[in-house]
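In what follows, a single structure is set out as structure tokens and then discussed.
What you are looking at is a predicted structure, and each value in this text was computed from that prediction instead of being measured.
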Amino acid sequence: MLDINIRHLDLKQIAESGQCFRWKRQDDADGHMTYLIPSFGPGQREFEALTITALSDGEFRLSCDRREWDKHWSGYFDMDTDYDGVEKRIDSFGDNHAKEAYALGSGIRILRQDLWEMIITFLISQNNNITRITRSVEEICNRHGGYMPRPDEFDRSILSDKSVGLGYRAPYIDNAVKEFADDQKMLEKLTHMSYEESYETLLSFTGIGPKVANCICLFGLHHIEAFPIDTHVKQLLAKYYPQGFPYEYYEGIAGIVQQYLFYYELCMR
DNA sequence: TCACAGGCTAGAG
DNA sequence: CTCTAGCCTGTG
């Protein structure tokens, strides 16, 4: 167990920001907000899931020890990104709507999640709703011992099962599993590419279009300049930025700002 | 019944 | 190049 203070972290805001689909809310006996976060990545079977509890004033209680925090979870929660700097950048421009969105969602961080899991998750997400996305991801994991299967251990025969609920996306995922299993270096190659290179490479896969590719770049490769535009962001841009979004203000942090804007709209809905 | 859900593909123009 | 019908399926 480990108690630490973390700035710019609000579990509920992250859970609702639409970047992760496997967190489970499991409040503790005292009613403190608690989430169970599964282990992830190639070594996911080697380390434990994390429970994280929000105590008060930026204080969090973790189920892991200091060593596991340093090794796995500190990176996952993006502790090496300067969110104070992001706040200063937003404050320095006259973008009042971004300031308001930041004030509401300042506890959002861009998690450093597993690339392969993000590829599968956002392939599923297209033209889909949160409930169904969550259920499909959970079904896939449940059928592989509770873990997101790596490309080479993925049982592709389950993809067409009605209870997995993938619909027309099943062949897209089947193809991705096949391609990444055939070329085991591809995942690592993607991590060494620039944003533009990885974006173009991802686009070449069937079922990955501009929106999904940008989500994978932002959430799976931590390319913070990626700015996914879905139906909601498209509407919000038309509403608050009729003259066009000032991307030049937010060079290098556009993806974080996108999350604040998205979360703000979600709350106002 | 019908639109919608964090879109994409394929085919036409 | 741009444009858009159709797509699995659960939900209101």
- Query: If you take atom types as modelled and just measure distance, does the side chain of A/Arg169 reach the base of C/dC8 with a donor-acceptor pair under 3.5 Å?
  - Reply: yes
- Message: Measuring only the C1' atom in each nucleotide, how far is C/dC3 from B/dA5? A whole number of Å is fine.
- Response: 22 Å
- Assign A/Thr131 to base, sugar-phosphate, or nothing according to its heavy-atom contacts below 4.0 angstrom with the strands shown. nothing
- Short side-chain N/O contact from A/Thr231 to OP1 or OP2 of B/dG7, under 4.0 Å: yes
- Task: Check the side chains of A/Tyr102 and A/Asp95 for a donor-acceptor pair under 3.5 angstrom, ignoring hydrogens and angles.
- Result: no
- Would you mind classifying the nucleic acid contact of A/Ser160 as base, sugar-phosphate or nothing, using non-hydrogen atoms under 4.0 angstrom? nothing
- Task: For A/Lys234, answer base if it contacts any base atom (sugar-phosphate contacts may also be present), sugar-phosphate if it contacts only those atoms, and nothing otherwise; contact means non-hydrogen atoms under 4.0 Å.
- Result: nothing
- Query: Less than 4.0 Å between a side-chain N and a carboxylate O, is that true for A/Asp114 and A/Arg150?
  - Reply: yes
- Query: What is the distance, rounded to the nearest whole Å, between atom CD1 of A/Ile173 and atom C1' of B/dC8?
  - Reply: 13 Å
- Message: Applying a 4.0 Å non-hydrogen cut-off, can you work out what A/Glu265 is touching in the nucleic acid: base, sugar-phosphate, or nothing?
- Response: nothing
- Message: Students often get this wrong, so: under 4.0 angstrom with heavy atoms, is A/Pro210 touching a base, only sugar-phosphate, or nothing?
- Response: sugar-phosphate
- Query: A/His232 side chain: which of B/dG7, B/dT9, B/dA5 is closest?
  - Reply: B/dA5
- Message: Is it true that A/Tyr264 and A/Glu100 share a donor-acceptor pair across their side chains at a distance under 3.5 Å?
- Response: yes
- Query: Hey, does the side-chain of A/Tyr168 have a donor or acceptor N/O within less than 3.5 Å of a partner on the base of B/dG7?
  - Reply: yes
- Item | Among C/dC8, B/dG6, B/dC8, the nucleotide that comes nearest once only the side chain of A/Pro228 is considered | B/dG6
- Message: Taking any heavy-atom pair under 4.0 Å as a contact, classify A/Phe21: base, sugar-phosphate, or nothing.
- Response: nothing
- Side-chain donor/acceptor of A/Arg132 to base of C/dC8, under 3.5 Å: yes
- Task: Record whether the side chain of A/Lys211 comes under 3.5 Å of the base of B/dG6 through a donor-acceptor pair of N or O atoms.
- Result: yes
- For C/dG10 versus B/dC8, give the span between their P atoms, rounded off to a whole number of Å. 22 Å
- Message: Applying a 4.0 Å non-hydrogen cut-off, can you work out what A/Phe262 is touching in the nucleic acid: base, sugar-phosphate, or nothing?
- Response: base
- Task: Using the P atoms only, state how far B/dG6 lies from C/dG6, rounded to an integer number of Å.
- Result: 23 Å
